[in-house]
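Since the structure is predicted, the reported quantities are computational estimates derived from the model, not experimental observations.
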Amino acid sequence: MNKEKQTAIVLQVFEEYLEKNKQRKTPERFAILKEIYNYETHFDIDSIYNKMKEKKYRVSRATLYNTLELFLDCELVQKHQFGQNQALYEKSYFNKQHDHIVLDTGEVIEFCDPRIQQIKKTIEEVFDIEITNHSLYFYGKKRNEN
């Protein structure tokens, strides 16, 4: 599915969420969502703020924080705290389950290992629960290459 189609879908999902929750449909909210879905990597508030500013779109940091809370609530964005002071976000509507390796350089590597899904299934069976979501972070550093 191309990026334009994906963007149209997330805009529709967000519009339905706003209607259902009796929230205002502001142009700023939709512009922020479009900007986020143009990102290919994790992002922070400042990077979105600066991108919007470069495009001459006036939006305050407070509006960004408040709007991100709406995106989190309707599961269009996921928030990560990779051990840094600042939260990072990523678009999540089309993402498959994946986990993260956080290097001491700040680089974040995404990976998917089917064994983790098997562990999840075993935990569900042992504890008679349904796991609806998970996050797994490994922290490390690159080995010295000799």
Side-chain angles (χ1 to χ4, degrees), residues 1-124 127 129-143:
M1 180 180 320
N2 69 28
K3 190 174 266 199
E4 290 172 1
K5 179 78 170 159
Q6 286 184 347
T7 301
I9 290 170
V10 296
L11 290 172
Q12 182 63 40
V13 166
F14 186 54
E15 185 169 348
E16 289 170 8
Y17 167 85
L18 293 173
E19 287 173 3
K20 179 181 171 194
N21 292 281
K22 297 180 177 29
Q23 296 277 338
R24 292 181 306 123
K25 297 183 211 172
T26 67
E28 292 83 8
R29 290 176 173 175
F30 289 98
I32 294 166
L33 185 58
K34 285 180 189 175
E35 193 60 49
I36 286 170
Y37 271 79
N38 281 328
Y39 259 80
E40 294 301 324
T41 61
H42 299 91
F43 59 89
D44 60 16
I45 292 285
D46 286 337
S47 59
I48 292 293
Y49 178 79
N50 291 331
K51 282 280 186 193
M52 302 291 286
K53 198 172 172 182
E54 283 173 20
K55 294 181 177 181
K56 308 288 187 232
Y57 210 98
R58 292 181 182 211
V59 61
S60 70
R61 281 187 171 82
T63 297
L64 284 171
Y65 278 107
N66 293 335
T67 303
L68 271 170
E69 288 301 318
L70 295 175
F71 298 158
L72 289 166
D73 193 43
C74 65
E75 300 178 353
L76 293 174
V77 170
Q78 187 174 11
K79 182 178 182 178
H80 298 285
Q81 199 73 42
F82 292 131
Q84 304 158 343
N85 292 336
Q86 192 170 25
L88 291 178
Y89 302 85
E90 71 178 319
K91 57 189 177 185
S92 60
Y93 193 76
F94 297 101
N95 282 2
K96 294 186 167 121
Q97 178 60 52
H98 63 275
D99 297 292
H100 300 88
I101 300 168
V102 183
L103 300 178
D104 58 350
T105 61
E107 179 185 0
V108 177
I109 301 168
E110 294 180 348
F111 72 97
C112 184
D113 188 321
R115 294 173 293 182
I116 294 170
Q117 293 303 316
Q118 187 56 49
I119 293 168
K120 178 182 151 236
K121 188 174 181 179
T122 301
I123 291 169
E124 288 176 326
F127 294 102
I129 61 172
E130 177 188 359
I131 296 173
T132 57
N133 198 356
H134 83 268
S135 60
L136 175 62
Y137 306 127
F138 288 107
Y139 296 91
K141 59 184 179 179
K142 291 195 176 185
R143 293 186 178 147

| task | Show the numbers, then the answer: is there a side chain to side chain contact (heavy atoms under 4.5 Å, CB included) between Ile48 and Val59? | result | CA-CA 10 Å; Ile48 292 293; Val59 61; over 6 Å; no
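Side-chain atoms of Glu90 never come within 3.5 Å of backbone atoms of Gln78 as a donor-acceptor pair (strictly under, hydrogens ignored).
Side-chain contact of Asn66 with Thr63: a donor-acceptor pair under 3.5 Å is absent, judged by distance alone.
In terms of the salt bridge (charged side-chain N to carboxylate O under 4.0 Å, His left out) criterion, residue partners of Glu35 (sequence neighbours excluded) are, by chain and number, Lys55. Residues that satisfy the ring-ring contact (aromatic ring centres under 6.0 Å, His included) test with His98, not counting sequence neighbours, are His100.
Within the structure, salt bridge (Lys or Arg N to Asp or Glu O under 4.0 Å) pairs that include any residue of residues 67-76 do not occur (at least two apart or interchain).
Relative orientation of the Phe111 and Phe138 rings is tilted, given thresholds of 30° and 60° on the angle between their planes.
Looking at heavy atoms from C-beta onward, Phe30 lies in side-chain contact with Leu18 at the 4.5 angstrom threshold. Residues Val108 and His80 fail the side-chain proximity criterion, which asks for heavy atoms closer than 4.5 Å.
The NZ atom of Lys51 lies 12.5 Å from the CZ atom of Phe43; values are rounded to the nearest 0.5 Å. Expressed to the nearest 0.5 Å, how far CG of Leu76 lies from NZ of Lys91 amounts to 12.0 Å.
The pair Asp104-Lys142 does not count as a salt bridge, with every side-chain nitrogen at least 4.0 angstrom from each carboxylate oxygen. Between Arg58 and Glu28, none of the side-chain N atoms (NZ, or NE/NH1/NH2) sits under 4.0 Å from a carboxylate O, so this pair counts as no salt bridge.
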